[in-house]
Amino acid sequence: MVVTTLNTTKSEEIFAAAQKLMPGGVSSPVRAFKSVGGQPIVFDRVKGAYIWDVDGNQYIDYVGTWGPAICGHAHPEVLNALKEVLEKGTSFGAPCALENTLAEMVIDAVPSIQMVRFVNSGTEACMAVLRLMRAFTGRDKVIKFEGCYHGHADMFLVKAGSGVATLGLPDSPGVPKSVTSNTLTAPYNDLEAVKQLFADNLDQISGVILEPVVGNSGFITPDAGFLEGLRMITEDNGALLVFDEVMTGFRIAYGGAQEKFNVTPDLTTLGKIIGGGLPVGAYGGRKDIMEMVAPAGPMYQAGTLSGNPLAMTAGIKTLELIHKPGTYEKLNKITKKLADGLLAIGKDTGHAICGGNISAMFGMFFHQGPVHNYEDAKKSDLSKFSKFHRGMLERGIYLAPSQFEAGFTSLAHTEEDIDRTLAAAKEVISSL
Ligand code: KE4
């Protein structure tokens, strides 16, 4: 492999100092590059499809701050809208017309959502939606899938994906068994396992929550009939179906995976894109369920910064920018070229490789394939992935620093960016 000497002097200095101040030197574990090894890159600024680090190196970015940057980083129209609204203050802690605007856009876009509540992160949205599932059904148990990640709330840290999988943490210390005893798990894409759980826990399961397209075990798509099957099983058992679309919402399609696959859940969680890079999460769904949420109903959930004008503004402008004819065709075309190109390079150089894309979300495994679930994903060649990641980084391509994450493109990525990425991949993969 031709190793380009990436100058990371300043990144090393800043990251060394960070490790004395913050656990692992980061504000979120996956950023520490633990599973791929090597020096994490300290960002200086981002714009469009690009990152510049503190040493002045430029990268084509396929993480997009983990999904929000679907219009490209620091879009001028988003920045201008924020500059304008900033003059009116940063937070009200009171009703604000901007919340109505974003709520209407979300309700118009997402098939399952008749009413929505804004919070400040995907974790908060998933915590609240689980409480709502339980409040509405009067049942305590929930089914999640191995390798799916729904934020870091205690009850979800059971065989979770993303950073938990990245760090190989089977579960997390500090989570009492009493909390996770109501969390049942099944392999993704396994309807029989779900049916069995319902049979073994009659009338005790509030519902099923899943990533309708998985991004937190790496990129795993639902088998044909899987989502439809879950819709039927939950209906047959008087349980709720919940799509965690924090990552897929407005990325797989404007109406999310539920629009793409034409399966309507009872409740949906959102985040990332609807905040345009500012802290936002949301949960929403059937009106009869959402009206249980305080103060309309008895289920309590609250948040100081929920619905704040800056986050609402960034979200509104971002959705305006992507809600245009041709957006998702463009995103799919550019992302398919990237994914197909990576697979072709892998196959042509004799590597076991599989993966693909749906719209602006993609992923690949060094694995013969197919990868149906987390167990399969764990069998991919993680050390080969680490070498691939480092080689691409040294050639100015910034991929998610974990096999158990997905990749993201944006409207700012150009054909030239994809060509440059594939040229780098050809060099790196042929040297693995
Ligand atoms: P946040 O609390 O990180 O906003 O959202 C949690 C969450 C919930 N549901 C899904 C499907 C998610 O993907 C996430 C968060 N995604 C990770 C990336 N895999 C965030 C990156 C990180 O943890 O640093």
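FYI, side chains are in, hydrogens and waters are out, and symmetry mates aren't considered; it's all heavy atoms of this structure. Since the model is a prediction, treat every value here as computed from it, not as a measurement. Numbering of ligands and ligand atoms starts at 1, following listing order.
Nearest non-hydrogen protein atom to atom 23 (O) of ligand 1 is S28 OG, 3.4 Å. The shortest contact between atom 21 (C) of ligand 1 and any protein heavy atom is with W66 CG, 3.7 Å. Among protein heavy atoms, atom 5 (O) of ligand 1 sits closest to G122 CA, 3.3 Å. For atom 2 (O) of ligand 1, the nearest protein heavy atom (residue, atom name, distance) is T123 OG1, 2.7 Å.
Residues Y188 and F226 bring their aromatic ring centres within 6.0 Å. Checked against the 6.0 Å centroid threshold, F404 and Y374 count as a close aromatic pair.
No side-chain heavy atom of C148 sits less than 4.5 Å from a side-chain heavy atom of D244.
Applying the salt bridge (charged side-chain N to carboxylate O under 4.0 Å, His left out) criterion to K287, with sequence neighbours excluded, gives E291.
From H150, atom NE2 reaches atom CG of N216 across 8.5 Å, with rounding to the nearest 0.5 Å.
Close approach to N216 involves these atoms of ligand 1, each under 4.0 Å from a residue heavy atom: 10 (C), 11 (C), 12 (C), 13 (O), 18 (C), 19 (N). Short contacts between ligand 1 and G151, defined as distances under 4.0 Å to a heavy atom of the residue, involve ligand atoms 6 (C), 7 (C), 8 (C). Here is the list of ligand 1 atoms found below 4.0 Å of a heavy atom in H150: 8 (C), 9 (N). Close approach of ligand 1 to S121 is summarised as follows: ligand atoms under 4.0 Å from at least one heavy atom of the residue are 2 (O), 4 (O). Interface atoms of ligand 1 facing E405, defined by a heavy-atom separation under 4.0 Å, are 18 (C), 19 (N). Annotation for ligand 1: atoms under 4.0 Å from non-hydrogen atoms of K272 are 13 (O), 15 (C), 16 (N), 17 (C), 18 (C), 20 (C).
Neither the backbone nor the side chain of H152 comes within contact range of ligand 1; no heavy atom lies under 4.0 Å.
If you check each of T65, N120, D244 against atom 9 (N) of ligand 1, the one with the closest non-hydrogen atom is D244.
Judged as a side-chain hydrogen bond (donor to acceptor under 3.5 Å, both in side chains), the pairs with a partner in residues 116-129 (not counting sequence neighbours) are, in order, R117-Q301, N120-E124, N120-S306.
For N332 (side chain) and Y328 (main-chain N/O), no donor-acceptor pair under 3.5 Å exists by modelled atom type. Side chain of H351 to backbone of I429: a donor-acceptor contact under 3.5 angstrom is found.
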